[in-house]
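Residue numbering restarts at 1 for every chain, and letters A, B, ... go by the order of the sequence lines. Quick caveat: nothing in here was measured; it's all calculated off a predicted structure.
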Amino acid sequence: MLTRLYDLLTSWKLSVALTLTGALYFLFLAIWGARSPSHVVQTISQMSPYILFYVLLLLNTLMCVLRRLKLLTGLMSGSLIYLPDNIDWALTVQELPPIRRKPRRSGESIYWIRHRYASLGTLLLHLSLFVLAAGFSLSHFSRMEGSFTAGQGQKLTLKPGHYERTTTPLPLTRKLPSLDVTLTDIRTEFWENRLLFTRFTVDIDINGKTHHAAINDPIYLSPFLTVRLTSFGYAPQYMVLLDGMPVPLEEGAARMNIFPPGQRDYLVTQHFPHRIYLTLYPDYVETASGPISISMKLKNPRFVIEVYRGKVFLIKKTIGPGEAIPIEEFIFSVVQILPTAEFTVVRDLGIPFIFLSFILSLSGLLMRLPGRRSELMAVPSESGDWQLLGKNIPEIRT
Amino acid sequence: MMPPAWIELLYLITAILSLTLALVGATLRSIRTSHVFGFVIFTLVTLLFFGRWTVSGHFPMFGAYESALSLAFFGGTLLVIAGIYCRHPMLTAYPVTVFLLLIHGSNYSSKIYALTISERGFWVHVHAITAFLTFGFALCLFTVALLVFLKYAVSLVSFLQATYLFYTLTILSGSFYRFQLFGKPWSFDPIESMNLACFLCFTTLIHLNASRPWSQRKLAAWTILCVVFMVLAYRLILVFPAWSSYHILDIGLRVHLLP
């Protein structure tokens with residue numbers, strides 16, 4: 001029974017059955033993905049049929065590699081394996097044709113071996129699956145993310161508990177690192193007047209070192225730690241003043257969800273219970289149907305401010321940077337508009353292994369591409385001619 | 001911004017001429033004539049591709065309309081190179097392929113937009129170009145399979161291996177770019193899953209042929225099936241809803257969003 005199990009696990013028929021099953025599984029997942037939210041698809045992809053498929057595929061691959069290891073390593077030999085007995089064709093020539101590779105000698109015969117390391121490619125390709133599996137497993141037990149928002153020119157010290165949002169800690173990663181961050185510059189460009197970013201890059205100092213990041217160019221602090229640029233926004237820098245007071249009662253920058261233009265968010269000051277709703281129009285124009293922003297650039301920025309105390313509506317006014325709005329006992333002023341960027345810190349121990357497996361599999365495929373091991377042998381005959389013998393190589397035309 | 005009228009006209013002429021020449025070639029039942037017609041169509045496709053590049057100011061590879069052009073151009077380029085390399089009439093089926101691609105592309109907007117931030121960068125260009133090259137190799141594979149049925153002495157296995165290599169490179173470069181953009185190398189996005197399914201079909205085919213070598217005709221038949229599945233995997237992206245896949249631009253915001 002053990003022999004039968006071994007034969008089954010090492011059989012190419014099981015490999016074929018598994019790859020076909022995998023194709024069907026992922027086809028179902030694709031159809032599901034077109035109808036269900038992403039998190040549902042992610043959950044389905046982690047269900048037991050898929051895990052069983054991965055385990056069986058890895059087991060079958062391992063058993064097949066072990067069973068054929070001697071054969072595959074033998075094919076890398078520098079000595080002839082197939083010739084002179086196992087030939088595809090034989091040809092008699094008076095003179096040897098020009099063959100670029102340097103020949104080796106075996107007695108009076110000379111021979112050439114091509115694509116000797118093709119079987120190493122096969123090994124690398126299949127072993128890369130294990131590195132890939134190790135990478136994804138490590139990722140599953142270690143991936144943690146945390147996000148923070150910074151305004152242009154702002155300095156932040158992020159401690160593990162100070163991230164705005166974090167994912168659940170996992171067995172291999174209990175916390176995110178501490179970072180000293182200074183966001184020195186944010187650069188954005190839009191196409192024509194549309195909400196279409198053609199450029200969104202930042203310069204940021206992290207732990208004393210300056211980095212440049214784009215939405216598709218994260219910062220690699222280590223092979224396991226990346227900082228991604230994830231979002232853009234605007235933060236109003238505001239002041240709360242009291243009549244007769246020479247200094248502001250309160251000032252700061254508010255993290256608000258007011259980009260793209262037309263989005264409405266609110267803030268509550270530290271000293272008063274009022275809800276102050278803001279809608280930002282970076283390039284404000286008043287139309288018959290209401291205010292709009294004709295571009296994304298801060299050419300003529302205006303805030304439409306609505307103030308509520310509880311459920312009581314108090315005032316609605318449109319102001320720009322540097323202007324103030326009196327609200328009952330205090331004055332609210334927007335000083336300036338700061339561009340902000342949101343970042344996500346990702347700690348994932350599996351990522352380097354996943355990308356290593358990519359390199360291994362591509363190397364394996366490249367080594368396999370030229371073809372299988374081929375051998376060519378030239379044997380001298382008594383009449384002075386040469387007999388050419390070939391295996392896995394097209395017959396040479398002279 | 002709408003493209004200039006001459007580009008639209010060239011597109012129309014190429015589509016109509018490709019259908020016409022495909023029908024003429026089929027009527028004459030001449031492989032060589034169809035191959036020559038293929039060269040004519042490839043010349044027009046090349047003009048169209050570079051014309052679009054010039055007027056749009058960027059490599060024409062994103063969006064349904066531009067990707068149809070790129071698939072036609074890269075497909076033709078690889079067919080020409082393969083034809084020179086193996087000295088067979090590889091452009092035989094090219095006119096009908098171009099017609100189908102251009103007709104499909106014409107269902108979508110030809111407006112010119114600037115590339116968004118997620119369409120700019122070295123790795124996304126690597127991913128897109130390898131995807132187009134893979135499609136080109138798949139066209140070569142399809143043509144070689146047809147030539148096998150027409151009793152030409154061609155090697156299917158070497159084209160199969162090249163297609164497999166580039167398909168692997170497409171998937172891996174896409175995975176790397178996804179990590180760059182969203183911080184995770186895989187998400188089971190429907191396009192990812194569909195192409196992984198197709199990739200596993202090719203894997204099955206290669207394993208079957210390696211374990212118990214098939215006749216060329218049998219291999220050719222199953223290869224054609226796999227290539228058809230690949231074409232579906234490539235173009236079915238366009239029928240998925242925008243929210244389901246980050247491969248599809250969110251038209252409202254013109255950014256690639258994580259669904």
Name the region of B:F122, side chain, backbone, both or neither, that has any atom closer than 4.5 Å to a heavy atom of chain A. neither

Looking at A:R199, A:R372, A:Q42, A:R143, which has the largest count of heavy-atom pairs under 4.5 Å with chain B? A:R143

Might you confirm whether atom CZ of B:F149 has over 12 heavy atoms from other residues, nucleotides or ligands at distances under 6.0 Å? yes

Can you confirm whether A:Y117 is buried at OH, in the sense that more than 12 heavy atoms of other residues, nucleotides or ligands lie under 6.0 Å from that atom? no

Structural part of A:Y25 lying under 4.5 Å from a heavy atom of chain B: neither

To check you understand the geometry: which heavy-atom pair defines the closest contact between A:A23 and B:C201, and what is its length? CB-SG, 3.9 Å

Can you tell me if OH on B:Y152 sees more than 12 non-hydrogen neighbours from other groups inside 6.0 Å? yes

Which atoms of A:I351 are under 4.5 Å from chain B, going by heavy atoms: the side chain, the backbone, both sets, or neither? side chain

Hey, which of B:T203, B:L169, B:N195 has the most heavy atom pairs under 4.5 Å with chain A? B:L169

What residue, out of B:V124, B:L165, B:V157, has the most heavy-atom pairs lying under 4.5 Å from chain A? B:L165

Should the heavy atoms of other residues, nucleotides or ligands under 6.0 Å from CZ of A:F28 be counted, would the total exceed 12? no

Nearest 0.5 Å, what's the CG-CZ distance between A:L369 and B:F166? 8.5 Å

Nearest 0.5 Å please: distance from the CG atom of A:L57 over to the CG atom of B:L200. 8.0 Å

Are there over 12 heavy-atom neighbours, none belonging to B:Y65, within less than 6.0 Å of that residue's OH? yes

Using modelled atom types only, decide if a donor and an acceptor are shared between the side chain of B:Q180 and the backbone of A:P218 within a distance under 3.5 Å. no

Verdict with reasoning, A:W12 to B:L208, per side chain to side chain contact (heavy atoms under 4.5 Å, CB included): CA-CA 8 Å; A:W12 60 268; B:L208 277 168; 3.6 Å; yes

The test is side chain to side chain contact (heavy atoms under 4.5 Å, CB included); show your working for A:F26 and B:F199 and say whether it passes. CA-CA 10 Å; A:F26 291 115; B:F199 176 79; over 6 Å; no

Proximity breakdown for A:F355 and chain B, heavy-atom pairs closer than 4.5 Å: side chain

Relative to each other, are the rings of B:F179 and A:Y220 parallel, tilted or perpendicular (30° and 60° limits)? tilted

Does atom CH2 (B:W214) have a neighbourhood of more than 12 heavy atoms from anything else shown, all under 6.0 Å? yes

Would you say that more than 12 heavy atoms from the other residues, nucleotides or ligands in this model lie under 6.0 Å from the CH2 of A:W191, or not? yes

So which residue, B:R120, B:H207, B:Q161, ends up with the most heavy-atom pairs under 4.5 Å with chain A? B:R120

What residue, out of A:V346, A:I215, A:L27, A:L24, has the most heavy-atom pairs lying under 4.5 Å from chain B? A:I215

I'd like to know if the side chain of A:N216 and the backbone of B:Y177 have a donor-acceptor N/O pair within less than 3.5 Å. no

Kindly give the heavy-atom pair with the smallest separation between B:F176 and A:F358, and that separation in Å. N-CE1, 4.4 Å

Using a 4.5 angstrom heavy-atom cutoff, name the option from A:D217, A:T198, A:L365 with the most pairs to chain B. A:T198

Need one label for A:I354: side chain, backbone, both or neither, based on atoms under 4.5 Å from any heavy atom in chain B. side chain

Given that the side chain runs from C-beta out, which part of A:R368 has a heavy atom under 4.5 Å from chain B: side chain, backbone, both or neither? both

Taking side chain as everything from C-beta outward and backbone as N, CA, C, O, which of these in A:S361 sits under 4.5 Å from a heavy atom of chain B? Side chain, backbone, both or neither. side chain

Between B:P185, B:G121, B:S173, B:A233, which residue shows the highest count of heavy-atom pairs closer than 4.5 Å to chain A? B:P185

Can you check whether B:L181's main-chain N or O pairs, donor with acceptor, with A:R228's side chain at less than 3.5 Å? yes

Looking at chain B, which one of A:A17, A:G22, A:S45 has the largest number of heavy-atom pairs inside 4.5 Å, strictly under? A:S45

